[in-house]
Peer 1: 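After the structure tokens below, expect a handful of questions from me.
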Amino acid sequence: MSENDDQPLGLFQKFLSNNRIFKNREVLRHSYRPQILPHRRPQIDAIASILAPAIKDETPSNILIYGKTGTGKTACVRYVGSELEKVGAGVGTGCRVVHLNCEVIDTQYRVLAQIAKSLEDLDATPSDRARAHIPMTGWPTDQVYTELKNQLEATGGVLVIVLDEIDKLVKKSGDETLYNLTRINADLQGAKVSIIGISNDLRFTDFLDPRVLSSLSEEEIVFPPYNAPQLCDILAQRAEMAFVEGSLEEGVIPLCAAFAAQEHGDARRALDLLRVSGELADRENAEQAKEKHVRMALDKIETDSMIECISTLPTQSKVVLYSMLLLEEMDKKIFTSGEVTRVYREVSRIVNIDPLTHRRITDLISELNMLGVINTRVVSKGRYGRTKEMWFDSNTKKIQEVLAKDPRLSEERLAQVDLNRLKASFR
DNA sequence: GATCCACCGGAATATAGGGGCG
DNA sequence: CGCCCCTATATTCCGGTGGATC
């Protein structure tokens, strides 16, 4: 590690010379958009033919797209969208596409504001630039709505609004946004709006008003999960660009594909596996990425994402999580929300934090469950009530380490928690 | 079977903090 | 500044309930 310290550049020398594994690692990132999307021709054609009327300045049908994560939904829509914009510009009609990720932009206000903002960014003319743009907060929502309509009328043409992860939007703030958006055409003279909704959840339409649903799902397209051979094709295509020739052991790609196929055919996952496998091989100066690196990568990806997830938790959630760790330490492998709350109250006193109510804690517990940090299930214990049970299934050591990094949960403070007294109160 | 515990989880409401506008 | 709007977090209230025990 330190033999070349006396040479100039010594520290980074080996990184410069070492390109035994990767040729171009960027190709393996999610953000990279390949020109060819293998095994998605039918879906691309379907989207394109539905959107085609936009070129003739007619309103395309709204589309709902279903498919699990990593099945290429976003990539395909982006691809068709950019082609449409290109062709539209050539013919001289105004076709514009706005892409929103509803996981981030999850309220009606933000959706409307973001659409308007994207439009401003697209229309580069100075007069539009000069117009007062919509603040990210502050206005009444219907004012934003009116302003958006004005912007649309000003430029005319067809606007395709892509609502990625639309199920998140509906779950967090209901279908009012969609109701307004699907009706916006009725209020417009010169401009036309068409909506593409992308959803991971097949059943999210249960939450929708039937009128919204029928309007939104004039067309439906399903993206099936990739199977292992298809994933192999995708990986092979990228690997050719990303890896130095011969730096991949033969079995590596099929193995990555197989792992990812087990997990609902997630191409993103497969690419992560391949990239991390390469990185691990690179780091240990191996000639080739081998199958063992894939297995190491599988493990690394899992723990890395968990560490990231836990360390960015709000303090209160960390305290709740810590309380669960204490219970685990007391040899309670499964514990109820009531127990967690009791331990939590004790911990919150020592850590000097305002204690939350039980109700709030159940919400935090549910969040931890959604994040996959713990597992929960609701069980009835007959006469002894109904409660939510939870347990860890990954290594608690790592969680402990990550939590300890938070200054408010430092070792010294937590040493004050009287385990024995707590334990006694559960007998 | 009927009962009834200990909590679940929806809804309404409060609080604090971001901001615009006149 | 006061007034309004939006969001996130949290509290209060409460109807609802699965199934072991009576």
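In the text below, chain A, chain B and the rest are named by the order of the sequence lines, each starting its count at 1. As a basis for the values below, the full set of heavy atoms in this structure was taken, side chains included, without hydrogen atoms, waters or symmetry mates.
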Peer 1: To the nearest Å, how far apart are A/Glu367 CD and B/dG9 P?
Peer 2: 14 Å

Peer 1: Measure CG/A/Leu356 against P/C/dT9 and give the value in whole Å, please.
Peer 2: 12 Å

Peer 1: Which residues pass the side-chain contact (heavy atoms from CB on, under 4.5 Å) test with A/Glu302, not counting sequence neighbours?
Peer 2: A/Arg269

Peer 1: If the condition is side chain to side chain donor-acceptor pair (under 3.5 Å), which residues does A/Asp393 pass it with, not counting sequence neighbours?
Peer 2: A/Asn375

Peer 1: Identify each atom pair where a protein N or O and an N or O of nucleotides 5-7 of chain B are less than 3.5 Å apart, giving names and distance.
Peer 2:
| residue | atom | partner | partner atom | Å |
| --- | --- | --- | --- | --- |
| B/dC5 | O4' | A/Arg383 | O | 2.6 |
| B/dC5 | O2 | A/Gly382 | O | 2.9 |
| B/dC5 | O2 | A/Arg383 | O | 3.3 |
| B/dC5 | O2 | A/Gly385 | N | 2.8 |
| B/dA6 | N3 | A/Arg386 | N | 3.1 |
| B/dC7 | O4' | A/Arg386 | O | 3.2 |
| B/dC7 | O3' | A/Ser337 | OG | 2.9 |
| B/dC7 | O3' | A/Thr387 | OG1 | 3.2 |

Peer 1: Taking ring pair (Phe, Tyr, Trp, His ring centres under 6.0 Å) as the test, write out the residues that go with A/Tyr226, two or more places apart.
Peer 2: none

Peer 1: Which string of ( ) [ ] | and . matches DNA chain B, if you list each base 5' to 3' and count Watson-Crick or G-U pairs only when both distances are under 3.5 Å?
Peer 2: ||||||||||||||||||||||

Peer 1: CD of A/Gln143 versus P of B/dG19: gap in Å, rounded?
Peer 2: 18 Å

Peer 1: Strictly below 4.0 Å: does A/Thr357 bring a side-chain N or O up to OP1 or OP2 of C/dA10?
Peer 2: no

Peer 1: For the side chain to side chain donor-acceptor pair (under 3.5 Å) test, which of A/Lys73, A/Glu103, A/Lys68 pairs with A/Asn200?
Peer 2: A/Lys73

Peer 1: Distance check needed: C/dT12 P versus A/Ile361 CD1, whole Å only.
Peer 2: 13 Å

Peer 1: Within residues 310-318 of chain A, which residues have any heavy atom lying less than 4.0 Å from an atom of DNA chain C?
Peer 2: A/Gln316

Peer 1: Ignoring hydrogens, what is the shortest heavy-atom contact between A/Phe22 and A/Arg275? Give both atom names and the distance.
Peer 2: CZ-O, 3.6 Å

Peer 1: Name all residues meeting the salt bridge (Lys or Arg N to Asp or Glu O under 4.0 Å) criterion together with A/Arg238; count only those two or more places apart in sequence or in a different chain, and write none if there are none.
Peer 2: none

Peer 1: Could you pull out all residues at least two apart from A/Arg41 that satisfy side-chain contact (heavy atoms from CB on, under 4.5 Å)?
Peer 2: A/Ile44, A/Asp45

Peer 1: Which heavy atom of A/Thr146 sits nearest a heavy atom of A/Asp142, and at what distance?
Peer 2: OG1-O, 2.7 Å

Peer 1: Between the protein and nucleotides 1-7 of chain C, which nitrogen or oxygen pairs come in under 3.5 angstrom?
Peer 2:
| residue | atom | partner | partner atom | Å |
| --- | --- | --- | --- | --- |
| C/dC6 | OP1 | A/Thr141 | N | 3.0 |
| C/dC6 | OP1 | A/Thr141 | OG1 | 2.7 |
| C/dT7 | OP1 | A/Thr107 | OG1 | 2.4 |
| C/dT7 | O3' | A/Arg110 | NH2 | 3.4 |

Peer 1: Please enumerate all residues that pass side-chain contact (heavy atoms from CB on, under 4.5 Å) together with A/Leu356, with sequence neighbours excluded.
Peer 2: A/Gln316, A/Tyr344, A/Arg360, A/Ile361, A/Leu364

Peer 1: Specify the separation, in whole Å, of atom CD1 of A/Ile365 and atom P of B/dC8.
Peer 2: 7 Å

Peer 1: Is the centre of the A/Phe223 ring less than 6.0 Å from the centre of the A/Tyr66 ring?
Peer 2: no

Peer 1: Taking atom P of B/dG9 as reference, at what distance in whole Å does atom CG of A/Asn369 sit?
Peer 2: 10 Å

Peer 1: Can you name the side-chain contact (heavy atoms from CB on, under 4.5 Å) partners of A/Pro229, sequence neighbours left out?
Peer 2: A/Asn227

Peer 1: Please enumerate all residues that pass side chain to side chain donor-acceptor pair (under 3.5 Å) together with A/Ser366, with sequence neighbours excluded.
Peer 2: A/Lys388

Peer 1: We want to know whether A/Arg359 and A/Thr362 form a side-chain donor-acceptor pair, criterion being a heavy-atom distance below 3.5 angstrom.
Peer 2: yes

